Structure formats: structure tokens, C-alpha cells
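This report concerns only the one structure given below.
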Number of protein chains: 2
Amino acid sequence: MPSTAPAHISASPSVEGAAGSKTLDNGIRILSALARHPHGLTTTQLAHETALHRTGVYRLLGTLTRRGLVTQRADTRYQLGLTMIELAGAVRPDLRATAQVPLRDLAEAAAATAFLSVLDGDEVVSALVVEPLHADAHVAYRIGTRHPATVGSAGLAILSARAAVTGERAEITEARRRGYSISEGELQRGAWGLAAPVRPRTGEIEASVGVVALGALDEPRTAQLVVSTAAAIGNRLP
Amino acid sequence: MPSTAPAHISASPSVEGAAGSKTLDNGIRILSALARHPHGLTTTQLAHETALHRTGVYRLLGTLTRRGLVTQRADTRYQLGLTMIELAGAVRPDLRATAQVPLRDLAEAAAATAFLSVLDGDEVVSALVVEPLHADAHVAYRIGTRHPATVGSAGLAILSARAAVTGERAEITEARRRGYSISEGELQRGAWGLAAPVRPRTGEIEASVGVVALGALDEPRTAQLVVSTAAAIGNRLP
DNA sequence: CTAAACTGGAGCGATAATCGCACCTGAAGT
DNA sequence: ACTTCAGGTGCGATTATCGCTCCAGTTTAG
């Protein structure tokens, strides 16, 4: 393992680590910037946001637009295009298809917003969110939300099941015993969450299902619903 | 308007039109290839699929992986990553958030799969799909599905409302009178669909809502449900 | 049990693509 | 009328990319 210094480090004092392909990385930075501003951005605004030059942004936007990843509105703003949804539809279709129906049943039974979250590095991303019918007050938990795995019931449920955490919070060992995790106000003020790990028959644990509500729910009852939903999903996975 | 010939046309006999940035385009081609193969692909397979060289694919994958758009499984296969869902979550969040609840109500009332589709060029993409609870047989209509606007009720509803079609099918003018479109077996054998255009208070019509079922539903009743759902969504849009 | 095939990965030079600048046009806003 | 800000193009210098080669582990095949 000759830990040779990378030969391709350019003279640019990049803030982040060096990425393999600069042009592709610039394109992705544009996409990220647009994701942070759903209302849309102009080329000049994007240039500021990404620290690229306006003309470079313009040309990259051309490619992105031709591929449908970006669309130009009637005015002079660009925003993410529908092809993004198309591509995202191919992310773990098996897991999402399997969880769809059980998740909606869970949302109804618990009368709360139900979610499926997946571990991605040291963060979790909500891959599926289902709100119950006739929800009085709904928790704003958008699909695609990303946050640290150590914050919120969704991430804690996965971490505790993996038991691969070095500095274990009391909550984590406790959760491993119970089979579910609870969080209160960690992600959102006043939000109460309860989640359980999804255990596929083969392979590692990487997902969890749970519910969020604006106040604490009946813990034993909710836990039973969430845990059985997680088991139902896990048993249908490879 | 000096229609000068583009100076940057490379000597490559590209099948499709020239794209602005070659490297970025190659990266997007990798994403598209991965979307077509949700099970994942190896670098060599990707090289074949995208007509790029293996080492180039390898380096682009490095960038994509670092950004989370691609993840590498335990084995040697790559697949689309969760950041894709994160980005897709920022695509027209207003429209999707507005339609979420009415759409689920529609699915329940009609006892059929309900969808929200958006026009993208001359194609439509399903942006939201909701299946009813206790569905006996569900229509496999995945989110992110893309198909020609002239095929299926979703696209026809938008086209007829726009009335910008040159070669108008009888179905289209008919639909404009009725306020909704019907299709039978156009997208899927045995699938019956009914959709109505979503008219925002300002701006162009670009979306439609509807239902799909495996057999024909009660047309008057379903049409009333779909049309009123479309109106409810449109009225809540800017 | 060996050989072939394939994967991740690094080095390197030629080439081609990108970058940054200057410049132009048109639409708004003042 | 003047300024501002948008999209858009041309061009040359630079540099990032490409394609090749080579290497070391792992599977897979024979």
C-alpha cells in the first residue's frame, strides 16, 4: 500500500477535498445549489452560489437542461427538472416498493406521519413519507430530507440495531433492548418520533421505519405498530 | 441573429445532438445507465453501456460516489445513491406538497391508484403516485415514469387543455369539451385511466391528475372525483 | 490447482476540452 | 435615455481529461 501523494492535486486551494472529475463535480454543485433553492436561480446567482464563473455555469446548464436534469422557467430562472424524479425513481425500487403499502397502513393505524429512512454514510435520508388521511396537523417531513444519523429516531434505530457506535448514548443500548428508538424535539421543535430498524433476511441493516407526530403518542401501542411494520417489511426483503 | 455554425462540434459522430460539456454529459450518461439497471452495474458493464472507457467511467464514478449520487454496494456493483432522492425532493416541492393530500383522498374515494403527472417537453413524467388502502390488485405505475404525452390519459389531459396540438385526435377535442381524458390500454394492457388538467390560477397548464385501474371504472362518478380534485389542487397553486 | 478474466487503482503524455475574458444583444427598471 | 442585468457567442491559453499501460488482488472457469 504505497500511500503516494495524489499527483492530480491542482493548484487551487479547494475548500473541500479534491474530487476526481472537476467538470462533473461543478455540474453536481449546480444541482446541489438548485436543490437548496427550489424557487430557482439565475445563472449569475448560480455563479455566486457555486463560486464558478457565469459563463461556465451557463454552459454546464446547457448540458443539464438538454438532459432534463434542469429546466428553465418562463422567466430567467433555472430549477431542477423532472428527469431528477425519473432517476430518483430508480433508487432502491425494491425497498421502496416493498415498504409502500405497509407504510401507509402504519400511518393510518398510528394516525401519524410514517416514514422509511435509509442510512447513507453517517447520515440518514428519508426515502418515503406517508401522511395519514384526515391529518389535523401534519409534521412537515419532506421526502429526501437528510440529517445526521445520531439525531432523530430514524437514525438512532439503525445505529442501535447495528450496534457499531463507539460512543454509545444511553438511548442506543436501551433501544437495542426494546427494539425501537424514540426521539423528542431533536429534528424539529415539538416533534416526537418513534422508529424501528428494518431487518432484511440477508444483508446488513440500513433502513428504519417510524412515525412522527407533533406530540407524544401512546408509546406501547405505537411501538407495537411500528415494530410489526418494520418486521413485515424486513420479511419481504431479500 | 447570425446563425453561425457551432464551433465546438467535435469529430465524434455522436448519435444524439451535441451536448455542451462532454465530461458532465458522460457523468449524466452514467446516471442514466444506472437508472436503467436498478440492480447495479460494474465499471466494465457501465463502460459498455455508455460507450466510454473503463478507466474514465471509474474516475467519473469516483466523483459521483463522493457526492452521494452513486453508491457502491458490498460487491463490485454501483447503483444510484440516496442523494438522488434528496435532489428529486426539491423538484417542484410546491406542486407536490399541494397535491399530496388531495391525491390520497382521490385514491381512496375512487378506490384506484391516483397520480399527478407533469409535462416535460413532449413527454409526461409521473411526479406523485398514491395507491388506495386495501387495494386488491394494484396497477404498477411507478413514480418517475416517463412516456410520450400523446399516450395515456395523463398526457392527453394536458394536451387537450393546452389545445396546442396540431394534429388533434378526436379524443383531444372531445376531452376539452368534457374536461377530462380517458385512455384504455395505451400504457399498459388492460389499464384504464382517467385524468383531468390542473389549472393553476396563474401560469400555464403543465400538470394533470388522474386515476388508473385494471378495468374500466364508473365513468361519471370517477370523472367527477378527478375533475374536482384537479380543481382543488389548481386553486391552491399560485 | 492453475489459468483466465475481471475489478479497483495509479502513472503519464498527448490531446482535446474547459476556462475565463471580452464582447454583443435585448429586456427591464430608473 | 441611461443603467443594469439577463442570455448568449468567439477565442486563445491553459489544464483537465482521455486512453493507454501496468500492477495487484479476487473471482470464475477449466
Side-chain angles (χ1 to χ4, degrees), chain A residues 1-14 16-30 33-34 37 39-66 70-79, chain B residues 1-14 17-30 33-34 37 39-67 70-79:
Chain A
M1 195 189 291
S3 67
T4 51
H8 278 288
I9 286 189
S10 62
S12 69
S14 66
E16 301 166 294
S21 173
K22 198 189 175 196
T23 305
L24 176 55
D25 200 69
N26 287 343
I28 299 174
R29 280 164 65 183
I30 289 179
L34 290 176
H37 299 271
H39 282 253
L41 294 171
T42 66
T43 36
T44 309
Q45 290 174 319
L46 269 171
H48 279 111
E49 199 80 19
T50 58
L52 298 174
H53 275 250
R54 191 183 64 86
T55 174
V57 169
Y58 167 68
R59 287 191 266 246
L60 293 176
L61 279 175
T63 301
L64 292 171
T65 302
R66 265 185 285 275
V70 164
T71 52
Q72 188 172 13
R73 309 195 57 173
D75 57 359
T76 62
R77 290 207 296 270
Y78 292 85
Q79 56 185 196
Chain B
M1 196 187 295
S3 68
T4 51
H8 278 288
I9 286 190
S10 63
S12 69
S14 65
S21 173
K22 197 188 175 197
T23 305
L24 177 55
D25 200 68
N26 288 344
I28 299 174
R29 279 164 65 183
I30 288 179
L34 289 176
H37 299 270
H39 281 253
L41 293 171
T42 66
T43 34
T44 308
Q45 290 173 319
L46 268 171
H48 279 111
E49 199 80 18
T50 58
L52 299 174
H53 276 249
R54 192 182 66 90
T55 173
V57 170
Y58 167 69
R59 287 190 268 246
L60 294 176
L61 279 175
T63 301
L64 293 171
T65 301
R66 265 185 285 274
R67 288 290 186 172
V70 164
T71 52
Q72 187 173 12
R73 310 193 58 173
D75 56 359
T76 62
R77 290 207 297 270
Y78 293 85
Q79 56 186 195

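The shown structure was predicted, so the numbers you read here are calculated from the model rather than taken from an experiment. Every chain is numbered from 1, with letters handed out A, B, ... down the list of sequences.
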Separation of atom [atom1] in [X] from atom [atom2] in [N], rounded to whole Å:
{"X": "A:L61", "N": "D:dT9", "atom1": "CG", "atom2": "P", "answer": "14 Å"}
{"X": "A:L41", "N": "D:dA6", "atom1": "CG", "atom2": "P", "answer": "11 Å"}
{"X": "B:R29", "N": "D:dC18", "atom1": "CZ", "atom2": "P", "answer": "11 Å"}
{"X": "B:R77", "N": "D:dT27", "atom1": "CZ", "atom2": "P", "answer": "14 Å"}
{"X": "A:H48", "N": "D:dC5", "atom1": "NE2", "atom2": "C1'", "answer": "12 Å"}
{"X": "B:L60", "N": "D:dG19", "atom1": "CG", "atom2": "P", "answer": "11 Å"}
{"X": "B:D75", "N": "C:dC6", "atom1": "CG", "atom2": "P", "answer": "16 Å"}
{"X": "A:K22", "N": "D:dT14", "atom1": "NZ", "atom2": "P", "answer": "15 Å"}

With respect to the phosphate group of [N], does any side-chain polar atom (N or O) of [X] fall under 4.0 Å of OP1 or OP2?
{"X": "B:N26", "N": "D:dT17", "result": "no"}
{"X": "A:T44", "N": "D:dC5", "result": "no"}
{"X": "B:S21", "N": "C:dT18", "result": "yes"}

Which protein N or O atoms sit under 3.5 Å from an N or O of nucleotides 21-30 of chain C?
residue, atom, partner, partner atom, Å
C:dC21, OP2, A:H53, ND1, 3.1

Out of C:dG8, D:dT9, D:dT17, which has the shortest distance to the side chain of A:Y58?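 Nucleotide nearest to A:Y58's side chain: D:dT9.
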Closest nucleotide among C:dC19, C:dA17, D:dA6 to the A:T76 side chain: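 Closest nucleotide to the A:T76 side chain: D:dA6.
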A:Y78 or B:L52, whichever maps to the more 5' nucleotide of DNA chain D: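 Whichever sits nearer the 5' end wins; that is A:Y78.
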Identify, with sequence neighbours excluded, every residue that meets side chain to side chain donor-acceptor pair (under 3.5 Å) alongside A:T42.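 Testing A:T42 for side chain to side chain donor-acceptor pair (under 3.5 Å), a comparison that skips the adjacent residues, returns A:Q45.
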Heavy atoms only, 4.0 Å cut-off, all strands: where does B:Q45 land among base, sugar-phosphate and nothing?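 Nothing, no heavy atom under 4.0 Å.
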Scan B:V70, B:L41, B:T71 and name whichever one has a side chain to side chain contact (heavy atoms under 4.5 Å, CB included) with B:Q79.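 Option passing the side chain to side chain contact (heavy atoms under 4.5 Å, CB included) with B:Q79: B:T71.
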OG1 on B:T23 to CG on B:L52, rounded to 0.5 Å: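 Going from the CG atom of B:L52 to the OG1 atom of B:T23 covers 10.0 Å.
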Report the distance from atom CG of B:D25 to atom CG of A:L60, rounding to the nearest 0.5 Å.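 The CG atom of B:D25 sits 11.0 Å away from the CG atom of A:L60.
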Is there a donor-acceptor contact under 3.5 Å from the side chain of B:R59 to the main chain of A:G20?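 It does not hold such a pair.
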Quick check: does any side chain N or O of A:R54 sit under 3.5 Å from a backbone N or O of A:A47, one acting as donor and the other as acceptor?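 Between the backbone of A:A47 and the side chain of A:R54 there is no qualifying donor-acceptor contact (under 3.5 Å).
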For a side-chain contact (heavy atoms from CB on, under 4.5 Å) check, start with the C-alpha distance between A:N26 and A:I30, then their side-chain angles and the critical distance, and finish with the verdict. CA-CA 6 Å; A:N26 287 343; A:I30 289 179; 5.8 Å; no
